[in-house]
Amino acid sequence: MREEIYRFPVDGRPVSCEEIRRGHVNTTYLITTDAPARYILQDVNTYAFPRTNIIMDNVAAISRHLAAKGGEKPAMISYIDTLDGRRWYDDGRGGAWRLYRYVENSICVDRAECDGDFYECARAFGMFQNALSDFPAQELGETIERFHDTPERFRQLRDAVRENAAGRLDGVREELAFVLEREEKASRLQQMRDDGTLPTRVTHNDTKINNVLLSEDDRRAICVIDLDTVMPGLAAYDFGDAIRYGASTAAEDEKDLDKVSLDLHLFRVFTRGFLEACPSLTDAEIDSLPLGAWTMTVECGSRFLADYLKGDRYFAVDHPEHNLDRARTQFALAADMEKKWDEMRRIVAEERK
Ligand code: GN1
Ligand code: MG
């Protein structure tokens, strides 16, 4: 048993603990008690998230806001405080632990098994953003500084190149050239945030389909999970990251790049769900959605590439080339989006009604 569970109030006595391998960053356990009750215990990766207090403060602030509004679902999961009333348990060894009740009869999918799954994912993130559209975003802290500041990600990539800590630079010249050529376009979204063309709002920032729980019975969205990156951001980040991951025809680490492309049908399905669920989007925000998809894809590729150069410090990997494989799929997907640019824009125009 993970002893950290005893720091939290649970129903019954913990009887089993099983690691769930899903996210790339935190470590997650499913705890079962003899009540019976089930819980999710998470060890926050403090290398990625040194600012645990900010995460939990943000989560508490938006939970209060959503609870005060009532009614509007699906929203988000809620955490359970420790026995001594804290939002997370500091184990004194640099570990930060938190707990939430397992959502029974829910499923979490890595890929949409039908259009409806992806539509529900869009609705969940669209509703989340919409329900928080009147929350003063500037009151939230940045859980990871400049998380989707793409020009900053390019600077980090250049630092990783300069340091070449893992000695892998010679093997990535082609990928590096691809991404660096795109720096100017990849910086536009951030410019539009800086100059106020796009409003800063509360965003989730990690909108992979596996960060939504679906009901096992009817596959409708129940809530969004993985709230560590909830902070001020752009609507285009959430739309874009969901497309990057969920509207790709291949897995994020597919080795055969011929299999990687943007599924325009899924792009439309997501656009429809997101626009329906988030009527508060401005015209400029809606216009920025295709750029968001492309930018999040290039940015994510640059992060995988930088981490590969650093020796896989940030993302969990299953084999030495894993981050490079991931970077390559992202660049292949971005290249395909460039070919499909006009169609992406047309679909957004058709779906905005
Ligand atoms: C990470 O933890 P997970 O797997 O939900 C990452 C995202 C990346 C994603 C790529 C905090 O998400 O930003 O887009 O991997 N989360 C963090 O799969 O860096
Ligand atoms: Mg996740």
Side-chain angles (χ1 to χ4, degrees), residues 19-29 40 42-52 54-56 58-59 76-77 96 98 100 108-111 121 124-125 128 140-150 152-153 156-157 160 179 186 189 203-213 223-234 236-248 250-254 260 292-308 310 312-318 322-334:
E19 184 175 341
I20 303 181
R21 289 181 54 101
R22 190 155 245 146
H24 296 341
V25 177
N26 296 323
T27 313
T28 306
Y29 303 91
I40 294 289
Q42 242 178 356
D43 179 8
V44 181
N45 174 340
T46 45
Y47 174 76
F49 293 108
R51 313 166 116 199
T52 317
I54 297 184
I55 297 179
M56 300 311 277
N58 283 357
V59 170
M76 53 182 268
I77 48 122
R98 70 324 180 51
Y100 53 92
C108 175
V109 297
D110 279 319
R111 300 189 61 80
C121 168
F125 286 119
F128 179 77
L140 297 182
E142 282 194 294
T143 65
I144 296 179
E145 282 175 281
R146 310 175 80 171
F147 188 60
H148 282 313
D149 177 336
T150 314
E152 172 63 18
R153 294 297 188 180
Q156 292 171 359
L157 175 62
V179 63
L189 208 54
T203 48
H204 182 285
N205 299 307
D206 185 5
T207 51
K208 305 203 283 199
I209 189 169
N210 59 19
N211 282 333
V212 174
L213 296 183
C223 63
V224 307
I225 59 171
D226 199 352
L227 305 169
D228 301 329
T229 51
V230 171
M231 59 181 134
L234 297 178
Y237 299 162
D238 281 4
F239 177 89
D241 195 56
I243 294 296
R244 170 191 82 70
Y245 189 83
S248 169
E252 203 177 57
D253 57 358
E254 173 61 54
V260 181
W294 179 87
T295 307
M296 289 299 100
T297 307
V298 170
E299 180 189 280
C300 194
S302 81
R303 293 175 62 199
F304 288 140
L305 187 59
D307 201 40
Y308 178 72
K310 286 184 178 172
D312 312 314
R313 300 285 312 274
Y314 188 97
F315 295 107
V317 291
D318 290 342
H322 209 166
N323 270 320
L324 180 58
D325 291 345
R326 290 171 178 150
R328 286 179 173 150
T329 62
Q330 300 308 292
F331 298 150
L333 181 60

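Counting starts at 1 for both ligands and their atoms, following the listed order.
For the atom pair OG1 of T329 and OH of Y245, the computed distance is 10.5 Å after rounding to the nearest 0.5 Å. Rounding to the nearest 0.5 angstrom, the gap separating the CZ atom in F49 from the CD1 atom in I55 is 5.0 Å.
Interface of F49 with ligand 1, defined as ligand atoms under 4.0 Å from a residue heavy atom, comprises 11 (C). Listed by number with element, the atoms of ligand 1 under 4.0 angstrom from any heavy atom of T229 are 11 (C). Proximity to D226 (heavy-atom distance under 4.0 Å) selects the following atoms of ligand 1: 5 (O). Per-residue contacts place N211 under 4.0 angstrom from the following atoms of ligand 1 (heavy atoms of the residue considered): 5 (O). Every atom of ligand 1 is numbered from 1 in the order shown, and the set under 4.0 Å from a heavy atom of G23 is 4 (O). Applying the 4.0 Å criterion to heavy atoms of R303 picks out, from ligand 1, the atoms 7 (C), 8 (C), 13 (O), 17 (C), 19 (O).
Of all the heavy atoms of F147, the ones lying under 4.0 Å from any atom of ligand 1 belong exclusively to the side chain. With a 4.0 Å heavy-atom cut-off, ligand 1 is reached by the side chain of F304 but not by its N, CA, C or O. Counting heavy atoms closer than 4.0 Å to ligand 1, residue R244 contributes side-chain atoms (C-beta onward) but none from N, CA, C or O. Here V25 has heavy atoms under 4.0 Å from ligand 1 in both its backbone and its side chain.
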Before giving the answer on salt bridge (Lys or Arg N to Asp or Glu O under 4.0 Å), spell out for D318 and R21 the whole-Å C-alpha distance, their side-chain angles and the decisive distance to 0.1 Å.
-> CA-CA 11 Å; D318 290 342; R21 289 181 54 101; 3.3 Å; yes
Derivation and outcome, side chain to side chain donor-acceptor pair (under 3.5 Å), residues D253 and H322 = CA-CA 7 Å; D253 57 358; H322 209 166; 2.8 Å; yes
Determine, stepwise, if the pair T150 / L189 fulfils side-chain contact (heavy atoms from CB on, under 4.5 Å).
-> CA-CA 8 Å; T150 314; L189 208 54; 5.7 Å; no
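Side-chain contact between E142 and I54 is absent, with no heavy-atom pair separated by less than 4.5 Å. In this structure, T203 and V230 have side chains that are not in contact, with every pair of non-hydrogen atoms separated by 4.5 Å or more.
Taking any N or O of Y314, backbone or side chain, at least one lies under 3.5 Å from an N or O belonging to ligand 1. Checking only distances, E252 does come within under 3.5 Å of ligand 1, N or O to N or O.
Distances from ligand 1 to the non-hydrogen atoms of R326 include no value under 4.0 Å.
Between H148 and Y237, the ring planes are tilted. Angles from 30° to 60° get that label.
Looking at R22 and D110, a side-chain N of the basic residue comes within less than 4.0 Å of a carboxylate O on the acidic one, giving a salt bridge.
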